[in-house]
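Reading through the structure tokens given below for one structure.
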4 protein chains.
Amino acid sequence: MPRPKSDDKRSAILAAATRIIVTKGLSAPTMGIAKEAGIANGSLFTYFETKADLFNQLYLELKAEMASTAMKDFPDQVELREQFFHVWRNWMNWAVSFPEKRRALAQLVVSDEITPATREAGHKIMAKIAELMERSRADGPLRNSPRSFVAALMNSVAEATMDYMVQDSKNAKKHSRVGFDALWRILA
Amino acid sequence: MPRPKSDDKRSAILAAATRIIVTKGLSAPTMGIAKEAGIANGSLFTYFETKADLFNQLYLELKAEMASTAMKDFPDQVELREQFFHVWRNWMNWAVSFPEKRRALAQLVVSDEITPATREAGHKIMAKIAELMERSRADGPLRNSPRSFVAALMNSVAEATMDYMVQDSKNAKKHSRVGFDALWRILA
Amino acid sequence: MPRPKSDDKRSAILAAATRIIVTKGLSAPTMGIAKEAGIANGSLFTYFETKADLFNQLYLELKAEMASTAMKDFPDQVELREQFFHVWRNWMNWAVSFPEKRRALAQLVVSDEITPATREAGHKIMAKIAELMERSRADGPLRNSPRSFVAALMNSVAEATMDYMVQDSKNAKKHSRVGFDALWRILA
Amino acid sequence: MPRPKSDDKRSAILAAATRIIVTKGLSAPTMGIAKEAGIANGSLFTYFETKADLFNQLYLELKAEMASTAMKDFPDQVELREQFFHVWRNWMNWAVSFPEKRRALAQLVVSDEITPATREAGHKIMAKIAELMERSRADGPLRNSPRSFVAALMNSVAEATMDYMVQDSKNAKKHSRVGFDALWRILA
DNA sequence: CATGAATGAGTGTTCATTCAT
DNA sequence: AATGAATGAACACTCATTCAT
């Protein structure tokens, strides 16, 4: 029974990577990430086989956190629009509360280090939200468009809204509503 | 800033960069771009001071081409919605006709090599389109939102629509319409 | 130098190192050797202070086994040439029976990790064979050459013969004889 | 017409590698070789694609020099034994005159970075010497052994002789003769 | 102006060795 | 004693940029 691989350390690396990606981008040296995490450069590779592996896992971690935050306190008994707005509000709040996580995720999304398998897994994580979206557009103008198109639209509106909220955080709540209304106009 | 002798060579580099960025991403070596352009690696720096400079100029070049294509044959005499749709259609067609340019531009947009000044200039280039957008939303639900938010929304809908069109190019025309309708629902 | 508890484990490491050296060379990671030996990487250093130490001990181990095999069933009562040939035959047989040991040893011989002291000890181990050699050349053309030169010649002929035998193992016995005759012609 | 790739520099790298290999072995850092050659570390890779490439070329270079030195002033009109001895003497002299080259070559020969193709080319370079060897053993006791075996024997005797000569260079000439006689006894 | 050799800082990853458990 | 995580120096190779020709 030697020192067991510490979950704390894994988390520290992930958190460090998040911070460093925000400031230096995806080309940030692994050594910088290790230092930020308070470990030796070589130790990083005890937890993640390669830099790309680290990025893929971070992508998933962030997406999972985002999705689970979005689904928190999900109200089963209310009507669809309100359900969706509940999720939307949680989603936006996460982005505003953890701007670094959101920006890091945004970088990871466009990285070509993220494998198709990882992206696929990422989509599965968002399944609940996607399902809400599906139900919302079921009778709307986009009822015949492919899901991926609708999902892309939803994501873009979400991203734009987040930016808006972060920039003018005093009125964040209002902006969240405006973004959701725009989305709803697209879908339903 | 005396522009160098051969405009041909400058264009060749820009075109080469476009192609290389699509296949290798923004981390593509300058030497690869030079080779693709049919010149020696050192010569690239006669035309562009640094790699970042090349990218900034390419960003502007592509944006300008996109914008001018969008404004082609602009119909002054028709009503606003139709004017906007004319522009939208040109815009979408450009993206479908020159997928490499569009994809390169998409990469450049998220690059942190692109300076704020360049982004600002890029927005100016889109001024005509922005103005249309402004007029369209003047009486709509987003009439009180900041222009940047509205612009971000428009861009996202455009990007999603382009992807959609490229993926299913047989029905490109129909998809273009669907995207525009979605945009219009947001704005007006 | 208290030898560690388990001689089994020590032997396992030595045997693993032999195998790994053959496939990966002397730059084989200690971790690979440990895994092959079925122990944890850190445990290797309980038995051998350093990688170089392991190699030095392995060198000696292999040389000792080689020498003792060569001297097996030594016939005291026959004449010199036959005595020498008996040893030669055992020697060659060992090489053919344990090709991995021989190849590992060949690599170790040229390694600069093997210290002069170890080499010296290795020569002592071969003392019996060297003595036979000395007696064989006592009246021959090399009677006035330094022992080290003669030993080097003998070793080279042996090495060449071993290669020859391994390559064409069907006629190994014949090749062994041819090699010995060549050696004898040099010495006596 | 830029700076042309300089043959001097190529030679300097090769010479530097020779020296460094002797002192630090084949694991010598490329940076050390570059520094010894008086160039920047990156420049080494202008002349040799990889470290392995450098080693392969050096192997060939050294072998070629050795072979051409050995054939210098080849006497066509004398009998076989004398021809062979002439070559042998040149060969031994080269080894004694350039001990670093010889030792570097000895290391390269056992390196697994040297490709089969390179080894093949190396053998071609030695073709003339091999031919002499073939003629010498044509009627001798090894007339039925494979050439590779005979060549291995010859090389080993040569190596042993060189060591001997270097160690006791005062009597180098005598030792060269002794070695040759031993070889001749094997072959003819 | 064009060329491509020269430069040298920068980087992901490996690995012998140490040490906490 | 055994384990395997932790360490950090080391290293081959890349690449934007400079500069001699």
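Small disclaimer: the values here were computed from a predicted structure and weren't measured. Here is the naming used below: chain letters follow the sequence lines, and residue numbers restart at 1 for every chain.
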Discussion item. One thing to verify: whether R10(A) and E61(A) come together as a salt bridge, which I'm taking to mean a side-chain N less than 4.0 angstrom from a carboxylate O.
Written reply: yes
Worksheet item: Between T50(B) and Y47(A), which is nearer to the 5' end of DNA chain F once each is assigned its nearest nucleotide?
Response: Y47(A)
Discussion item. Using a 6.0 Å cut-off, check whether atom CD of E49(C) has over 12 heavy atoms from anything other than its own residue.
Written reply: no
Worksheet entry | d(NZ, K9(D); C1', dG4(E)) in whole Å | 13 Å
Item to complete: Would you please enumerate the stems DNA chain E participates in, each stem being three or more consecutive Watson-Crick or G-U wobble pairs with both distances under 3.5 Å?
Response: E:2-21 with F:2-21
Item to complete: Output the single nucleotide from dT17(E), dG12(E), dC13(F) whose closest atom is nearest the side chain of T30(C).
Response: dT17(E)
Practice prompt. Starting at CD1 of I21(B), measure out to CG of L108(B) and round the result to the nearest 0.5 Å.
Written response: 4.5 Å
Worksheet item: Just checking K35(D): base, sugar-phosphate only, or nothing, at a heavy-atom cut-off of under 4.0 Å?
Response: nothing
Worksheet item: Taking CD1 from I13(C) and P from dA1(F), how many angstroms apart are they, rounded to a whole number?
Response: 12 Å
Worksheet entry | N/O donor-acceptor pair, side chain N41(A) with base dA9(F), under 3.5 angstrom | yes
Worksheet item: Of all the choices, dA16(F), dG8(F), dC13(F), which nucleotide is nearest to the side chain of K51(B) once you look at every atom?
Response: dA16(F)
Fill in: Protein-nucleotide distance (L26(C), atom CG; dC15(E), atom P), rounded to Å
14 Å
Item to complete: State which of dT3(F), dT7(F), dA16(E) makes the closest approach to the side chain of T46(C).
Response: dT3(F)
Practice prompt. Tell me which of G42(C) and E49(A) sits closer to the 5' end of DNA chain E, going by the nucleotide each one is nearest to.
Written response: E49(A)
Worksheet item: Tell me: CD of E113(B) to P of dC15(F), nearest whole Å?
Response: 15 Å
Item to complete: Check for a donor-acceptor pair, side chain of K63(A) on one end and backbone N or O of R119(A) on the other, with a separation under 3.5 Å.
Response: no
Response to the item:
To the nearest angstrom, the CZ-P distance between R10(D) and dA6(E) comes to 13 Å
Worksheet entry | Whichever of S43(C) and A52(D) has its nearest DNA chain F nucleotide further upstream toward 5' | S43(C)
Worksheet item: Can you name the residues that form a side chain to side chain contact (heavy atoms under 4.5 Å, CB included) with K101(B), not counting sequence neighbours?
Response: T18(B), L62(B), E65(B), W94(B), F98(B)
Worksheet, complete the sentence: When rounded to whole Å, the CE to C1' distance for the pair M31(B) and dT7(E) reads 15 Å
Response to the item:
Separation of dT17(E) atom P from I33(C) atom CD1, nearest Å, is 11 Å
Discussion item. For R19(A), is the CZ atom crowded, meaning more than 12 foreign heavy atoms sit under 6.0 Å from it?
Written reply: yes
Worksheet item: For the atom pair CZ (R102(D)) and CG (L105(D)), what is the distance rounded to the nearest 0.5 Å?
Response: 9.0 Å
Worksheet item: Base, sugar-phosphate, or nothing for A34(B), non-hydrogen atoms under 4.0 angstrom?
Response: nothing
Response to the item:
Contacts of I39(D) and L44(B) projected onto DNA chain E by closest heavy atom; the upstream (5') one is L44(B)
Worksheet entry | Given dT3(E), dA16(E), dT3(F), the nucleotide with the shortest approach to the side chain of F45(C) | dA16(E)
